[in-house]
Amino acid sequence: MKPRVVILLVVAKPLYWLILLVSVWVLLRGHHEPGGGFIGGLIAVSATVLWAVAHNTTAARHRLPLRDPVWLAASGVLLALLSGVPGWLSGQAYLTHLWLSVLPAWPDLSVSTVMLFDAGVYLGVWGALSGYSLALLAVDENGQENGEEHGRDR
């Protein structure tokens, strides 16, 4: 087991939540401005990697929604695919996005199936790249590539 840096352990928890909050902000901002699911997902991956470096890959995996990057990525792709169904069921082309006004008093406040698509991309990117990153970090945690077993630690 590798020694952990105390300051990183202390700072990791609030920083983790701050990074996730920023990722959700970027996801929601992308609804009308640059940003969105892909960039927000990348930012969420950085929170997961931070937790893995501060603690370990198992702890980071348990912090993921659904506790498994494969299931997270799969659910994101499924959500993105399902976001096109309402347009298709309304007689339009698949992935034609529909808009719905939430409150009649505020016509500017509306939601769209685009948001479902962006959320699916967000979860898909977060799951896929977190899984890849955690797998790479786990190789080093297990000591398979750290140089000690291969005679490179001289």
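Given the structure is predicted, the values throughout are model-derived calculations rather than measurements.
When all heavy atoms are compared, the tightest approach of S83 to A80 is OG-O, 2.7 Å. Nearest approach of V121 to G37, heavy atoms of both residues: CG1-C, 3.8 Å. Nearest approach of A54 to L9, heavy atoms of both residues: O-CD2, 2.9 Å. The minimum heavy-atom distance linking A12 with L50 is given by the pair O-CD2, 3.9 Å. In terms of heavy-atom proximity, K13 sits nearest to W51 at CA-CZ3, 3.5 Å. Here the closest non-hydrogen pair linking L82 and P86 is O-CD, 3.4 Å.
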In a table with atom names and distances, give each donor-acceptor pair under 3.5 Å that connects a side chain of residues 125-139 to protein atoms at least two apart or in another chain.
{"from": "W126", "atom 1": "NE1", "to": "A44", "atom 2": "O", "distance (Å)": "3.4"}
{"from": "W126", "atom 1": "NE1", "to": "T48", "atom 2": "OG1", "distance (Å)": "2.9"}
{"from": "S130", "atom 1": "OG", "to": "W126", "atom 2": "O", "distance (Å)": "2.7"}
{"from": "S133", "atom 1": "OG", "to": "L129", "atom 2": "O", "distance (Å)": "2.8"}

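L98 CG to L116 CG: the interatomic distance, rounded to the nearest 0.5 Å, is 10.5 Å. Taking CD1 of I39 as the reference point, atom CG of L27 lies at 11.5 Å (rounded to 0.5 Å). In this structure, T113 OG1 and W88 CH2 are separated by 15.0 Å, a value rounded to the nearest 0.5 Å.
The number of heavy atoms from other shown groups lying within 6.0 Å of CG (L89) is above 12.
For R67 (side chain) and H62 (main-chain N/O), a donor-acceptor pair under 3.5 Å exists by modelled atom type. In this structure a side-chain-to-backbone donor-acceptor pair under 3.5 Å is missing from Y122 to G76.
Residues L28 and L21 are members of separate hydrophobic clusters, defined by side-chain heavy-atom contacts under 4.5 angstrom among Ile, Leu, Val, Met, Phe, Trp and Tyr. Hydrophobic clustering (ILVMFWY, side-chain heavy atoms < 4.5 Å, transitive): V49 and V10 are in distinct clusters. Note: the hydrophobic cluster containing V24 also contains L18 (ILVMFWY, side chain heavy atoms under 4.5 Å, direct or indirect links). When the side chains of ILVMFWY residues are joined at heavy-atom separations under 4.5 Å, either directly or via intervening members, L78 and W71 end up in two distinct hydrophobic clusters. Hydrophobic clustering (ILVMFWY, side-chain heavy atoms < 4.5 Å, transitive): I19 and Y16 are in one cluster.
Between F117 and L81 the shortest side-chain heavy-atom distance does not fall below 4.5 Å.
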